[in-house]
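Step one of this worksheet: look at the structure below.
The analysis underlying the following values was restricted to heavy atoms, covering all of them including side chains, and did not include hydrogens, waters or symmetry mates.
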There are 2 protein chains.
Amino acid sequence: MVISPGPGFRTLGRMASTPPRDPDGPDEEPRLVKSAQRTIQLMEMLGAARGPITVAELRERTGYPRSSLHQLLHTLIAMGWVEQTPDGSAVGVGSRALLCGTAYLDRDPALPYAIRTLELIGDATGYTTHYARLDGANVMYLATRETIEPRRATSRVGRELPAHATALGKILLAERSAGELAELLPEPPLPALTEHTITDLGELLADLELTRERGHSLEREQNTPGLGCVAVAVSYRIPATDAISCSLPIDAATDEELERVAGVIHEHAAKLAARLRAEGIR
Amino acid sequence: MVISPGPGFRTLGRMASTPPRDPDGPDEEPRLVKSAQRTIQLMEMLGAARGPITVAELRERTGYPRSSLHQLLHTLIAMGWVEQTPDGSAVGVGSRALLCGTAYLDRDPALPYAIRTLELIGDATGYTTHYARLDGANVMYLATRETIEPRRATSRVGRELPAHATALGKILLAERSAGELAELLPEPPLPALTEHTITDLGELLADLELTRERGHSLEREQNTPGLGCVAVAVSYRIPATDAISCSLPIDAATDEELERVAGVIHEHAAKLAARLRAEGIR
DNA sequence: CGAACCCATTTAGATATGTGGACGCAGTGC
DNA sequence: GCACTGCGTCCACATATCTAAATGGGTTCG
């Protein structure tokens with residue numbers, strides 16, 4: 001029961017009750033559900049961790065009070081979205097989360113076509129091929145067609161890499177206006193994955209301009225030592241959100257070879273886009 | 001990192017798989033968080049759907065009041081776990097959920113070894129190979145090594161199929177005692193995926209007995225028309241939770257060929273299990 | 001052995017959320 | 001054009017959750 005205070009004061013606690021929030025964001029969200037937010041944040045934190053992490057560490061990182069955290073974890077464990085290590089000392093993402101997350105792939109009508117295209121490109125070039133989508137400032141791998149030597153480290157479906165450090169990302173960034181880029185990209189300096197990653201914004205913009213003229217994007221060891229990449233956008237949306245790439249061992253990544261591979265990808269990507277448009281997939 | 005399959009759970013959570021719908025019993029639920037439960041149930045419902053579904057349909061299936069559902073959806077959309085179709089009329093699983101869910105795969109120390117084993121078996125047999133784990137009454141596919149002709153329909157990582165309808169599931173069920181099976185399996189009749197699926201419990205138990213004697217499990221068109229399967233357990237846990245299978249076109253699935261393939265899987269599965277035990281992966 | 005510490009759980013009061021109904025809008029059928 | 005229907009949003013109260021502090025069990029160290 002709340003005693004309504006004197007004149008002028010009708011707030012219950014809504015104004016003063018934003019302790020752990022961005023004080024800079026002036027845009028008030030239309031009342032998000034705190035428990036739901038925390039639930040999701042917990043899952044994301046568990047997902048971002050290398051392996052199982054202890055409850056104490058979770059508490060530290062989230063700042064949630066002990067009892068609140070325990071209640072949430074109990075709920076998530078009961079539902080199979082969080083699992084405990086056999087000794088019960090640490091927690092990690094559970095199998096139900098995998099089941100649900102991969103449903104994202106099923107939902108995507110473009111993917112079956114994309115996968116077929118990857119097969120064709122893989123056969124034609126002999127290199128590992130990827131299909132990815134721009135997700136904020138990152139690219140997310142949606143499908144992979146490995147060659148004999150699997151490079152699991154970088155290719156797993158569902159993984160994200162910074163867009164500016166990948167050929168896939170750069171061809172997609174090249175479709176955006178300067179304003180969109182400013183909103184999309186993180187504050188410089190851009191994070192570096194290798195010593196070749198472009199970290200300077202001006203340099204990136206110049207590279208994007210070259211990419212636009214060229215029609216495909218290139219990258220040499222900018223995200224993974226020993227690998228080079230060439231990517232082409234799949235234009236079934238404007239701006240394009242999806243792209244296809246081939247990864248080459250750095251020794252094979254000569255200008256001529258990259259050019260040749262780019263041609264192959266271009267051809268298949270154009271056919272794929274035409275097919276998607278024709279199927280009404282937007 | 002161990003899925004606790006039914007029994008074997010420890011202190012924290014009780015099994016509470018359903019929404020709060022039985023107030024009659026002596027419910028000693030350790031107070032699950034309602035918003036968190038709903039959040040997860042929403043995600044699971046979205047994940048189980050074929051594609052995007054309308055809010056109205058969600059409301060029908062969940063029974064949540066309109067305003068509550070909208071608040072939750074807003075929260076989930078703001079966090080990227082739910083996405084709206086371009087016209088805003090329907091919702092589906094978002095990309096962040098994929099990112100988080102696939103982290104389950106990264107967390108599993110056995111998987112890198114398993115993937116290498118799949119490559120070897122795939123090369124040796126020429127068939128599509130799967131690595132899967134028992135998850136309740138289902139098997140969950142954790143890794144796949146496709147051959148040229150991808151059978152995406154059944155093989156996607158993260159998907160689950162009823163254990164009794166798959167070779168992978170049957171070899172794992174064969175490791176369980178009658179009591180465990182009774183707890184694990186759904187009420188008969190067992191759900192059928194094809195006309196060949198075993199739906200009778202007695203028949204299944206007889207098949208499991210044969211499987212035990214044989215050392216590997218067999219299946220012909222019990223889950224997918226046109227496909228047969230043979231599977232062997234990976235014994236690095238007791239009872240085994242993981243298994244490896246090969247899928248053969250039904251025409252190729254003669255007794256002799258299945259026997260030959262089983263031998264190959266057996267050999268590699270034994271090596272894999274030995275390696276996992278030696279690495280201290282339990 | 002005991003003190004100090006860390007942790008999961010419990011509790012009661014302080015907040016945040018859930019709920020049903022009201023409202024305005026848009027599409028539909030007559 | 002109008003009533004009807006279904007939807008998303010808003011509101012205020014009833015309810016559920018969150019929080020901080022207290023509790024009790026376990027482990028570590030001197």
Side-chain angles (χ1 to χ4, degrees), chain A residues 1-5 9-21 27-42 52-79 82-92, chain B residues 4 9-14 16 19-23 27-42 52-79 82-91:
Chain A
M1 72 182 51
V2 173
I3 301 169
S4 75
F9 244 88
R10 56 180 282 286
T11 54
L12 293 189
R14 215 162 280 173
M15 301 216 88
S17 70
T18 38
R21 289 258 181 114
D27 51 353
E28 277 289 339
E29 288 297 339
R31 298 186 92 209
L32 300 183
V33 180
K34 184 151 94 173
S35 312
Q37 275 184 303
R38 286 184 161 180
T39 300
I40 299 304
Q41 277 173 352
L42 272 183
I53 61 183
T54 65
V55 178
E57 202 171 338
L58 257 189
R59 212 161 61 73
E60 224 173 88
R61 291 200 210 172
T62 59
Y64 303 161
R66 241 207 302 265
S67 25
S68 313
L69 181 58
H70 276 281
Q71 279 181 319
L72 280 178
L73 281 179
H74 279 142
T75 305
L76 288 170
I77 289 170
M79 306 196 73
V82 167
E83 286 172 10
Q84 301 181 85
T85 48
D87 59 10
S89 67
V91 290
Chain B
S4 53
F9 61 88
R10 285 189 64 79
T11 51
L12 284 182
R14 310 263 170 101
R21 62 163 56 168
D22 70 22
D27 61 345
E28 298 176 12
E29 298 296 338
R31 301 188 83 205
L32 300 184
V33 181
K34 183 151 95 174
S35 314
Q37 273 185 304
R38 287 183 162 180
T39 301
I40 299 304
Q41 278 175 349
L42 272 183
I53 60 182
T54 64
V55 179
E57 202 172 338
L58 258 189
R59 212 159 61 73
E60 223 172 90
R61 291 203 210 172
T62 59
Y64 303 161
R66 255 209 311 251
S67 30
S68 314
L69 181 58
H70 277 282
Q71 278 182 322
L72 279 179
L73 282 179
H74 281 144
T75 305
L76 287 171
I77 289 170
M79 306 197 73
V82 166
E83 285 174 10
Q84 291 177 287
T85 49
D87 59 11
S89 67
V91 290

Using side-chain heavy atoms (C-beta onward) and a distance below 4.5 Å, is [X] in contact with [Y]?
{"X": "Q84(B)", "Y": "I77(B)", "answer": "yes"}
{"X": "S68(A)", "Y": "R38(A)", "answer": "yes"}
{"X": "H70(B)", "Y": "V55(B)", "answer": "yes"}
{"X": "L58(A)", "Y": "Y64(A)", "answer": "no"}

Between dT9(C), dT9(D), dT17(C), which nucleotide gets closest to the side-chain atoms of S35(B)?
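Minimum distance to the S35(B) side chain belongs to dT17(C).
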Between [atom2] on [N] and [atom1] on [X], what's the gap in Å once rounded to a whole number?
{"X": "H74(A)", "N": "dC18(D)", "atom1": "NE2", "atom2": "C1'", "result": "16 Å"}
{"X": "Q37(A)", "N": "dC18(D)", "atom1": "CD", "atom2": "C1'", "result": "14 Å"}
{"X": "H70(A)", "N": "dC6(C)", "atom1": "NE2", "atom2": "C1'", "result": "11 Å"}
{"X": "L73(A)", "N": "dT9(C)", "atom1": "CG", "atom2": "C1'", "result": "14 Å"}
{"X": "L69(A)", "N": "dT9(C)", "atom1": "CG", "atom2": "P", "result": "11 Å"}
{"X": "L72(A)", "N": "dT9(C)", "atom1": "CG", "atom2": "C1'", "result": "15 Å"}
{"X": "Q71(A)", "N": "dT9(C)", "atom1": "CD", "atom2": "C1'", "result": "10 Å"}

Does any residue of residues 56-64 of chain B have a heavy atom under 4.0 Å from DNA chain C, and if so, which ones, in number order?
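DNA chain C contact set from residues 56-64 of chain B: none.
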Could you grab the distance from atom [atom1] of [X] to atom [atom2] of [Y], nearest 0.5 Å is fine?
{"X": "S35(B)", "Y": "Q71(B)", "atom1": "OG", "atom2": "CD", "value": "9.0 Å"}
{"X": "L42(B)", "Y": "Q37(B)", "atom1": "CG", "atom2": "CD", "value": "12.0 Å"}
{"X": "I53(A)", "Y": "T85(A)", "atom1": "CD1", "atom2": "OG1", "value": "11.5 Å"}

What salt bridge (charged side-chain N to carboxylate O under 4.0 Å, His left out) pairs are there with at least one residue in residues 58-70 of chain B, not counting sequence neighbours?
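Passing the test, one end in residues 58-70 of chain B: E57(B)-R61(B).
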Please identify which of these residues, V33(B), V82(B), L76(B), L73(B), meets the side chain to side chain contact (heavy atoms under 4.5 Å, CB included) condition with T39(B).
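Going through V33(B), V82(B), L76(B), L73(B) one by one, the side chain to side chain contact (heavy atoms under 4.5 Å, CB included) with T39(B) is satisfied by L76(B) alone.
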Would you say a side-chain N or O of K34(A) is under 4.0 Å from OP1 or OP2 of dT19(D)?
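The answer is yes; a side-chain N or O of K34(A) sits under 4.0 Å from OP1 or OP2.
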Pairs: protein N or O with nucleotides 20-23 of chain D N or O, under 3.5 Å:
from, atom 1, to, atom 2, distance (Å)
dA20(D), N6, S67(A), OG, 2.9

